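Here is the naming used below: chain letters follow the sequence lines, and residue numbers restart at 1 for every chain. Keep in mind that what you see is a predicted model, and the values were worked out from it rather than measured.
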Amino acid sequence: MNLLEIKDLTIRYLTDDGDVYAVNGIDLSLSSGDTLGLVGETGAGKTTTALGILRILPDPPGKIMSGEILYQGEDLRKKSQEELRRIRGGEIAMIFQDPMTALNPIMRVGDQIAEMIFLHGNCSKDEADLRALEMLEKVGIPGERSSDYPHQFSGGMKQRVVIAIALACMPKLIIADEPTTALDVTIQAQVLDMMNRLKEDIGTSMILITHDLGVVAETCNKVAIMYAGEIIEFGTVEHIFNETAHPYSKMLFDSIPSLDERVDRLHPIAGLMPDPSNLPSGCKFHPRCPYADETCGREAPMPEELSSGHTIRCFKPYCFKGGVSNG
Amino acid sequence: MGKMLEVKHLKKYFNTPGGILHAVDDVSFSIESGTTLGVVGESGCGKSTLGRVLLGLLDASDGQILFHDKDITRVTKPERKILRKDMQMIFQDPFSSLNPRMCVADLIAEPLRVFHVCKSKAELNASVDNIMDIVGLARRLAYSYPHELDGGRRQRIGVARAIALKPEFIVCDEPVSALDVSIQAQILNLLKDLQEHGLTYIFITHDLSVVKHISNEILVMYLGCVVEKCPADALFLHQLHPYTKGLLSAIPIPRLREQKSRVILQGEITSPVNPKPGCRFASRCPYAEEICRSKQPELEEMMPNHFVACHYVREINGI
């Protein structure tokens, strides 16, 4: 049984100005020990998906319209708030992007970690404090700093504290929403390295939300590429990086300046991400796709399996390889 | 060609309650006309302060800035205003650097109005249209407001404002950091196209792949000091300073490879307030010895045009 299985999840924001189609029928599956990279540009629906899984969407306006979120075979959509509260933090933990706002500024960091352990760990306050101290050392912060406040830490250290809180109860699944985007590269390398180590230590799975394909290459074994609320390509990291099939994935790779070769001009993707309250008909990517034809504008492609575990939503997989061009 | 800008022993210190903050500490370099100097470093290394001091947005504490061989370190306000015509800036955040109450045409016309470049309203409108064409903003957007536009278009307005007066020199302070990769590529291409008309850039960024793409020469900064300076390609082929090595190896590369041997730099950037004597990088450097903690290394030319500030550069690189 998969640890997490999402079937046809659809999330909309129902606003006065119309409905925003944030997530449109996505399927995902995650086995124990997997690290899934959820990749996409701003507005692709990555964070909405994460909030949806944990049922912490701002409601209103956010609403899960349909679909199933099976965690260990049980649908999280059918759980009561009480049950969900036990799962959040205890079974599924979240690491937020911005450590500055994720921590309580007027609470000592040690207490913030202990609070989590006390709530989920079935233990006394003293024991929670002790385990919080251990956790702090595990993420590389000396124990004597446990009585410091968040503002006394640097950005990288704060993110370590956030990670310590997330891992404190040995969750089975961690959802990390751009955990290193706010950090410098050398600190990012330290934090990713540490997350990978701890993940292995306690044997948890992870969904890593990011826009950085470099981070994905280094940490994930499965990748889902999102565009306009759909997963347009899903597969193992080898599928996505070595056998890229969807034109959007390909163009995303091509728009990144390379460190190894010198090119005169980059290849940006023409046009803009569509407005999620007014999505184009057919394939959502067709207005920006140089390989699109009439069918792409008329019919929406369904997920199709190219090889075992490699699915894409496109009528013309590998189209960029055939020398097709519209000039 | 020739030197457009020359900076000699530039320092910028701030007085803080905790002591003196050394934001830029003894930085020297020069830029040839029509080229791009990339300045890379992590947050707090003084790269943005450097850009601001160059344009006179902040006063230098010490040192000299020469623009076409003329000292512009301390100039009067009217002189500064004339200089602004030739020296412009593109800011990082296209969300906060544009006046939300001005429409696109007004935003672009503002520099032209300030300098009374156009003689008539018609000429002004024609100039604005022309600039919008150059930066790739559709004319129908002339009366839109910044909040109606996406980040990429907003940054195009930032670029348009910077080039409106046909400056020779532009400081780009992280112009693409707030943008998605596909949009980032559009703006980088635009900046490259504009350079064909002879613009000179200082390109400040923390993103090494971006800086490699756009620069001719690169300056690597750490805590206010230049640790390495060399042609862009050389930096990626044979970087010499241990900090540069760590920085490069920390970049996640979007490609699957064999397990790469990574040197992960330990520790964090130390405080720039009252820095200890010696090499600023010593506390994180795996090779640091006694001398690194007592004596600050000077920039030394190790290869043609390749300068490094490190006591042990020869030993580390086997030169």
Side-chain angles (χ1 to χ4, degrees), chain A residues 39-44 140 153-157 180 182-194 210-220 236-242 248 251-273 275 288, chain B residues 40-45 149-153 176-193 206-214 222 232-233 235-237 243 246-257 259-260 262-271 284:
Chain A
V39 187
E41 297 181 89
T42 316
F153 291 87
S154 66
M157 299 278 255
T180 55
L183 308 177
D184 278 318
V185 275
T186 60
I187 308 299
Q188 164 170 293
Q190 292 173 5
V191 169
L192 287 177
D193 189 52
M194 183 195 77
T210 179
H211 62 268
D212 188 335
L213 286 162
V215 171
V216 171
E218 258 155 41
T219 46
C220 302
T236 63
V237 70
E238 289 82 13
H239 286 142
I240 304 292
F241 282 76
N242 297 341
Y248 174 70
M251 289 165 88
L252 204 56
F253 278 111
D254 286 349
S255 63
I256 309 171
S258 159
L259 273 178
D260 321 302
E261 45 196 297
R262 198 163 180 107
V263 284
D264 251 9
R265 292 182 64 81
L266 297 169
H267 305 283
I269 305 175
L272 297 170
M273 190 81 146
D275 176 0
R288 299 173 76 184
Chain B
V40 262
E42 297 180 273
S43 11
C45 74
L149 305 175
D150 62 280
R153 289 214 178 96
V176 294
S177 312
L179 308 174
D180 274 321
V181 281
S182 68
I183 308 297
Q184 164 181 311
Q186 294 173 8
I187 299 291
L188 290 175
N189 280 346
L190 170 66
L191 289 173
K192 275 211 149 180
D193 292 343
H206 65 272
D207 188 332
L208 280 150
S209 47
V210 167
V211 86
K212 178 185 184 206
H213 175 74
I214 198 141
Y222 189 79
D233 293 329
L235 188 80
F236 292 86
L237 289 175
Y243 174 63
L247 196 60
L248 277 166
S249 112
I251 308 174
I253 296 187
R255 216 160 7 90
L256 295 183
R257 300 157 293 176
Q259 207 66 41
K260 86 163 169 180
R262 275 179 99 162
V263 211
I264 294 185
L265 283 178
Q266 296 305 316
E268 301 196 358
I269 203 157
T270 44
S271 163
R284 293 175 79 184

Which of the residues [options] is involved in the greatest number of heavy-atom pairs with chain A at under 4.5 angstrom?
{"options": "B/Asp193, B/Val210, B/Leu208", "value": "B/Asp193"}
{"options": "B/Ile269, B/Leu179, B/Asp233", "value": "B/Asp233"}
{"options": "B/Gly151, B/Ser209, B/Gly44", "value": "B/Ser209"}

Query raised in the report: Any donor-acceptor pair under 3.5 Å linking the side chain of B/Asn189 with the backbone of A/Leu266?
Result: yes
Query raised in the report: Can any side-chain N or O of A/Gln190 pair as donor or acceptor with the backbone N or O of B/Gly267 at less than 3.5 Å?
Result: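 Flag set: sc A/Gln190 to bb B/Gly267 pair under 3.5 Å.
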Give, for atom [atom1] of [X] and atom [atom2] of [Y], the distance between the pair rounded to the nearest 0.5 Å.
{"X": "A/Asp275", "Y": "B/Asp150", "atom1": "CG", "atom2": "CG", "result": "11.0 Å"}
{"X": "A/Ile256", "Y": "B/Ile253", "atom1": "CD1", "atom2": "CD1", "result": "11.0 Å"}
{"X": "A/Thr186", "Y": "B/Leu248", "atom1": "OG1", "atom2": "CG", "result": "12.0 Å"}
{"X": "B/Leu265", "Y": "A/Asp184", "atom1": "CG", "atom2": "CG", "result": "11.5 Å"}

Report task. Among the options A/Val216, A/Thr219, A/Val237, pick out the one with the most heavy-atom pairs lying under 4.5 Å from chain B. Result -> A/Val237
Query raised in the report: Taking every heavy-atom pair that is under 4.5 Å apart, which of A/Pro268, A/Ala270, A/Ala217, A/Gly140 has the most such pairs with chain B?
Result: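 Option with the greatest count: A/Pro268.
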Report task. Heavy-atom distances under 4.5 Å only: say whether B/Lys192 touches chain A with side chain, backbone, both or neither. Result ->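 Side chain of B/Lys192 only, per the 4.5 Å heavy-atom cut-off to chain A.
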Report summary line: Whatever's closer than 4.5 Å to a heavy atom in chain A on B/Ile264 counts as side chain
Interchain contact, [X] with chain B, by part (heavy-atom threshold 4.5 Å):
{"X": "A/Leu272", "answer": "side chain"}
{"X": "A/Val215", "answer": "both"}
{"X": "A/Met273", "answer": "neither"}
{"X": "A/Thr42", "answer": "both"}
{"X": "A/Ile187", "answer": "both"}

Query raised in the report: Is there a side-chain contact between B/Pro252 and A/Asp212 (heavy atoms, below 4.5 Å)?
Result: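 A side-chain contact exists here, since the closest heavy-atom pair is under 4.5 Å.
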Report task. Write down the atom of A/Gly271, the atom of B/Gln186, and the distance for their closest heavy-atom approach. Result ->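 So the minimum-distance heavy-atom pair works out to O-NE2, 3.8 Å.
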Query - Heavy-atom closest contact (A/Val185 atom, B/Glu42 atom, distance) - result: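 Here A/Val185 and B/Glu42 meet closest at N-OE2, 3.9 Å.
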Query raised in the report: Given B/Ser182 and A/Glu41, is the side chain to side chain contact (heavy atoms under 4.5 Å, CB included) satisfied, shown in steps?
Result: CA-CA 8 Å; B/Ser182 68; A/Glu41 297 181 89; 2.6 Å; yes
**Report entry** B/Arg255-A/Ser258 side chain donor-acceptor pair, cut-off 3.5 Å
**Finding:** no
